[in-house]
Amino acid sequence: MNASQVEIIKTKELRGNIIANLYRTYGEDITLNVLKNTLPLSGFIKDSDIKNAIYYLGGKSKEYVKLVLDNDNYMQSRIWLTPMGINLAERDIKDVGVLLYE
């Protein structure tokens with residue numbers, strides 16, 4: 001496996017971890033900072049990686065997450081799962097860009 005394949009898997013795992021952690025907190029919105037601290041290897045994940053993952057998960061064609069931006073501090077933005085995100089977390093739908101292990 002080459003370096004770019006490893007990066008692709010890490011990106012998909014990050015998206016899956018975000019979905020899984022939001023599923024555990026379903027019913028309440030949390031900040032991106034709180035989300036980041038619940039992710040595996042949280043100290044090694046860059047804010048830009050989280051931003052890219054959220055962009056993917058919340059994009060118009062996906063809409064698994066809802067994000068309310070804090071314009072002063074992006075990591076204080078609030079996030080939660082949408083009904084589509086619940087379907088993904090419960091494996092009622094599949095997304096090739098998201099690896100869920102739990």
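Contact between Gly97 and Tyr56 at its shortest, heavy atoms only, is CA-OH, 3.4 Å. The nearest pair of heavy atoms linking Val65 to Leu22 is CG1-CD1, 3.6 Å. Across every non-hydrogen atom of Met75 and Ile50, the tightest pair is CE-CD1, 4.2 Å. Considering all non-hydrogen atoms of both residues, Ser77 and Leu69 come closest at OG-CA, 3.4 Å. Contact between Leu35 and Thr38 at its shortest, heavy atoms only, is O-OG1, 2.7 Å. Across every non-hydrogen atom of Leu14 and Ala53, the tightest pair is CD2-CB, 4.1 Å.
For the pair Ile54/Tyr74, a side-chain contact is recorded, criterion being any heavy-atom separation below 4.5 Å from C-beta on. Within the 4.5 Å cutoff, the side chain of Leu67 has no heavy atoms near those of the Trp80 side chain. Side-chain contact between Leu100 and Leu88: present, with at least one pair of heavy atoms (C-beta onward) separated by less than 4.5 Å. In this structure the side chain of Ile93 reaches within 4.5 angstrom of the side chain of Met84, judged on heavy atoms. No side-chain heavy atom of Asp47 sits under 4.5 Å from any side-chain heavy atom of Leu32. The shortest distance between side-chain heavy atoms of Val98 and Ile18 does not fall below 4.5 Å.
Between the side chain of Lys66 and the main chain of Ile79, no donor-acceptor pair closer than 3.5 Å is present. Between the side chain of Arg15 and the main chain of Lys10, no donor-acceptor pair closer than 3.5 Å is present. Thr82 contributes a side-chain N or O that, together with a main-chain N or O of Tyr64, makes up a donor-acceptor pair within less than 3.5 Å. In this structure a side-chain-to-backbone donor-acceptor pair under 3.5 Å is present from Asn17 to Glu13. Using modelled atom types, one side-chain atom of Asn37 and one backbone atom of Asn33 make a donor-acceptor pair closer than 3.5 Å.
In this structure, the separation between CD on Glu7 and NZ on Lys12 is 13.0 Å, given to the nearest 0.5 Å. Taking CG from Leu81 and CD1 from Ile19, the interatomic distance works out to 5.0 Å, rounded to the nearest 0.5 Å. Note that the OG1 atom of Thr11 and the CG atom of Asp49 stand 7.0 Å from one another [nearest 0.5 Å]. Note that CG of Asp72 is 10.0 Å distant from CD of Gln76, once rounded to the nearest 0.5 Å.
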Side chain to side chain contact (heavy atoms under 4.5 Å, CB included) between Ile9 and Val6: does it pass, once the steps are laid out? CA-CA 5 Å; Ile9 290 170; Val6 170; 5.8 Å; no
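Other residues, nucleotides and ligands contribute only 12 or fewer heavy atoms inside 6.0 Å of the NZ atom of Lys51.
Placement of Tyr26 and Leu39 within a single hydrophobic cluster is found when ILVMFWY residues are connected by side-chain heavy-atom separations under 4.5 Å, directly or transitively.
In this structure, Arg78 does not pair ionically with Asp70, as no charged nitrogen and carboxylate oxygen lie closer than 4.0 Å.
Asn2 and Ser4 share a donor-acceptor pair across their side chains, judged by distance under 3.5 Å alone.
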